[in-house]
Amino acid sequence: MNQSEINETLKILQDVYGTQKCGLDFNSPYELLIATMLSAQCTDVRVNKVTAELFKDYNTPEKMLSLTEGELREKIKSCGLSNTKAKNILKTSHLLLSEFGGEVPKTMKELTSLPGVGRKTANVVMSNAFGIPAIAVDTHVFRVSNRLGLAKGKNVLEVEKGLRQNLPESRWSSAHHQLIWHGRKICSARNPKCEVCPLAHLCETQKLEHSQSNLK
DNA sequence: AACTCGGGGCA
DNA sequence: TGCCCAGAGTT
């Protein structure tokens, strides 16, 4: 995509998906951190259901650490991967108290030093909890960016770099949400609804398919 | 780069 | 049933 195509793509994304957030319910950076850790390989709907209950009594590192690993595992079971997640949540809560004064850190380096926190989770926390410009590349953002040609890359980090380069910083956070909505509703992994896609005329994958069918 | 963890949704 | 899914860590 050239710059004018990128700008048009951003405008259409804004027009269609606006400022609606997609994601996790939270009342503090700590809640968002834990909810995002739980969301690995699990839909946000289910995470929100689990955390609505969990955060009633356990919404700080201190309170979380009053749970045994087994108790926590039971509470988060429906999110899947609960064995690892329970361990990591307790370790991370402990580290927040011992290393970060009980606060959630704000830098990529510090966040990813926490067990169970990778690049995607760190970007979500920085962007959504602290308002720091960041783009979290999950499977939706990865797939949609590559298909459109908005930012291409073989792995998550390459796509993140591409988006940071191609998009104005002011649009990083909003574009992240809009790309996820688009990936869910239209540009799905299998059987994407290209016939109703408002970005089809800009999409590199669509153009490629058309040029191939024209050759026949 | 490939593999593992894992319960739930959907065909 | 079998396949897939808003990831992260290890080898």
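Basis for what follows: all heavy atoms, side chains included, without hydrogens, waters or symmetry-related copies. To find a chain, count down the sequence lines: A is the first, B the second, and so on, and within it residues start at 1.
Between the CG atom of L111(A) and the P atom of dA8(C) there is a distance of 11 Å, rounded to whole Å. Atom NZ of K120(A) is separated from atom C1' of dG9(C) by 16 Å (rounded to the nearest Å). The CG-C1' distance, from L157(A) to dA8(C), rounds to 15 Å in whole Å.
Both R190(A) and P115(A) lie close to DNA chain C; mapped to their nearest nucleotides by heavy-atom distance, the more 5′-ward contact belongs to R190(A). Nucleotides of DNA chain B nearest to A40(A) and K49(A) differ in position, and the one nearer the 5' end is that of A40(A).
In this structure, K87(A) pairs ionically with E69(A), as a charged nitrogen and a carboxylate oxygen lie closer than 4.0 Å. At a threshold of 4.0 Å, the pair R119(A)-E160(A) counts as salt-bridged, since one of the basic side-chain nitrogens sits closer than that to a carboxylate oxygen. The pair K11(A)-E8(A) does not meet the salt-bridge criterion, since no charged nitrogen lies less than 4.0 angstrom from a carboxylate oxygen. The pair K152(A)-E158(A) does not count as a salt bridge, with every side-chain nitrogen at least 4.0 angstrom from each carboxylate oxygen.
Annotation: proximity of residues 70-82 of chain A to DNA chain B (heavy atom, distance under 4.0 Å) is found for K77(A), S78(A), C79(A), G80(A), L81(A), S82(A), numbered in ascending order. Of the residues in residues 27-39 of chain A, those with a non-hydrogen atom less than 4.0 angstrom from any atom of DNA chain C are S39(A). Looking at residues 131-146 of chain A, you'll see D138(A), T139(A), H140(A) sit with a heavy atom under 4.0 Å from some atom of DNA chain C.
Reading DNA chain B from its 5' end, the first and the last nucleotide to sit under 4.0 Å from a heavy atom of chain A are dC5(B) to dG8(B).
T107(A) pairs by the side chain to side chain donor-acceptor pair (under 3.5 Å) definition with E110(A), not counting sequence neighbours. The side chain to side chain contact (heavy atoms under 4.5 Å, CB included) search around E53(A) returns K56(A), not counting sequence neighbours.
Counting non-hydrogen atoms of neighbouring residues, nucleotides and ligands closer than 6.0 angstrom, the CD atom of E195(A) exceeds 12 such neighbours. Atom NE2 of H94(A) is surrounded by 12 or fewer heavy atoms from other residues, nucleotides or ligands within 6.0 Å.
Annotation for H176(A) and D138(A): closest pair CE1-OD2, 4.2 Å, computed over non-hydrogen atoms. The minimum heavy-atom distance linking H182(A) with P198(A) is given by the pair CE1-CD, 4.2 Å.
Residue V117(A) is in sugar-phosphate contact alone, with no base atom involved, counting any heavy-atom pair closer than 4.0 Å across all strands shown.
Partner of I89(A) under the side chain to side chain contact (heavy atoms under 4.5 Å, CB included) criterion, out of L54(A), L38(A), T84(A), L65(A): L38(A) alone.
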